K.L.:
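Can you read through this structure? Questions will come right after.
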Amino acid sequence: RLKHTTRMKRTYLSRTTTVIVLQCTEDCALHADLSSDILKAVGSVYKGRIDLSFERKKVLSVSKTAPHDHIPGPSVKVTAVKGYPNGDPPSLDKVDEACPHCLCAPCIIRRPPDFLVGSARPSPTNHAKRYALYRQFWRVLRDIGLWHHPSYLMRKRLHTFEADRREVQPHCVITEVRRRYPNPPTIPYIDFHPSFIA
């Protein structure tokens with residue numbers, strides 16, 4: 001019944017109240033029962049007072065025949081993208097040729113930016129190089145327009161809230177960066193974690 005949730009923090013004088021807005025896909029008569037369960041679930045996460053609010057949310061219908069659940073987004077005119085000095089970055093407009101992960105055509109790894117060079121042997125210190133590359137990819141994908149694309153936002157809701165300032169890197173980017181700068185077999189990789197800050 002609950003499509004997704006969004007979080008925000010409001011401060012009233014010296015008291016901080018966390019407002020949790022639950023958006024429902026249909027009219028729900030169980031709000032009173034849900035409130036107590038939700039408060040118990042989130043009570044250990046948030047400090048201070050917690051307010052719950054319910055809203056009606058319209059569900060976006062997606063055609064099952066659309067390739068990779070790719071919803072065409074607004075046409076974004078990209079003027080300059082860091083990493084592509086020749087002015088030929090991947091595009092989000094070619095739906096039929098789009099990568100299923102980054103939604104770009106061609107895939108951002110098949111047409112990599114100029115900063116994606118080099119590699120290293122497995123090392124515990126490679127995480128710093130990976131994070132530096134992730135930050136640069138974040139800027140490129142922002143300039144291309146991925147972070148506001150409807151298909152990406154639907155995926156983001158599976159990991160965190162749409163208002164979360166952190167973005168979920170595409171699988172193709174993560175795989176390539178980890179391939180170039182891997183961890184030793186005994187050190188696991190750190191997956192995405194939401195920031196919990198709207």
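Because the structure is a prediction, the values reported are computed rather than measured. The basis for the numbers below is simple: all heavy atoms, side chains too, and nothing from hydrogens, waters or symmetry mates.
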K.L.:
Any side-chain heavy-atom pair from Tyr152 and Pro170 closer than 4.5 angstrom?
P.N.:
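Not touching, per the 4.5 Å side-chain cut-off.
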K.L.:
So which of Leu146, Leu141, Leu116, Leu103 actually passes side-chain contact (heavy atoms from CB on, under 4.5 Å) with Ile108?
P.N.:
Leu141
K.L.:
Using side-chain heavy atoms (C-beta onward) and a distance below 4.5 Å, is His159 in contact with Asp164?
P.N.:
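His159 vs Asp164: side chains apart.
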K.L.:
Does the side chain of Ile109 come within less than 4.5 Å of Phe137's, by heavy atoms?
P.N.:
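In contact.
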K.L.:
Using atom types as modelled and distance alone, determine if a side-chain donor or acceptor of Lys82 lies under 3.5 Å from a backbone N or O of Asp143.
P.N.:
no
K.L.:
Please work out which of the three classes, parallel, tilted or perpendicular, describes the rings of Tyr131 and His127, given edges at 30° and 60°.
P.N.:
perpendicular
K.L.:
Does a side-chain heavy-atom distance below 4.5 Å link Cys104 with Leu92?
P.N.:
yes
K.L.:
Heavy atoms, side chains only, cut-off 4.5 Å: are Thr160 and Phe192 in contact?
P.N.:
yes
K.L.:
May I ask you to decide if the ring planes of His101 and His171 are parallel, tilted or perpendicular, using 30° and 60° as cut-offs?
P.N.:
tilted
K.L.:
Return the SG to CZ distance between Cys99 and Arg111, rounded to the nearest 0.5 Å.
P.N.:
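That separation rounds to 13.0 Å.
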K.L.:
Should Tyr189 and Val173 be counted in the same cluster of Ile, Leu, Val, Met, Phe, Trp and Tyr side chains packed under 4.5 Å apart?
P.N.:
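Result: no, two separate clusters.
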K.L.:
Would you name the heavy atoms of Pro90 and Pro106 that are closest together and state the gap between them?
P.N.:
CB-O, 3.3 Å
K.L.:
Whether the side chain of Asn183 engages the backbone of Asn126 through a donor-acceptor N/O pair (distance < 3.5 Å, no angle test) should be reported.
P.N.:
no
K.L.:
Donor-acceptor check, side chain of Lys129 to backbone of Val177, threshold 3.5 angstrom: yes or no?
P.N.:
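Not confirmed, Lys129 side chain does not pair with Val177 backbone.
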K.L.:
I need the Met154 CE to Glu162 CD distance, nearest 0.5 Å.
P.N.:
11.0 Å
K.L.:
Closest heavy-atom contact between Cys172 and Cys107?
P.N.:
SG-SG, 3.8 Å
K.L.:
Rounded to the nearest 0.5 Å, what's the gap from CD on Glu176 to CG on Leu133? Could you check?
P.N.:
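These two atoms lie 9.5 Å from each other.
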K.L.:
Testing the basics here: between Ala105 and Glu97, what is the closest heavy-atom pair and its distance to 0.1 Å?
P.N.:
CB-O, 3.6 Å
K.L.:
Keeping Arg166 on the side-chain end and His193 on the backbone end, is there a donor-acceptor pair under 3.5 Å?
P.N.:
yes
K.L.:
Treating Arg130 as the side-chain partner and Tyr181 as the backbone partner, does any N or O pair qualify as donor plus acceptor under 3.5 Å?
P.N.:
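Present.
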K.L.:
Could you check whether atom CG of Leu158 has more than 12 heavy atoms from other residues, nucleotides or ligands sitting under 6.0 Å from it?
P.N.:
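Above 12, so yes.
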K.L.:
Give a yes or no on whether Arg110 atom CZ has more than 12 heavy-atom contacts from other residues, nucleotides or ligands under 6.0 Å away.
P.N.:
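Incorrect, the count does not exceed 12.
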K.L.:
Determine whether a donor-acceptor pair (N or O, by modelled atom type, separation under 3.5 Å) exists between the side chain of Glu167 and the backbone of Trp147.
P.N.:
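Looks like no, no N/O pair under 3.5 Å.
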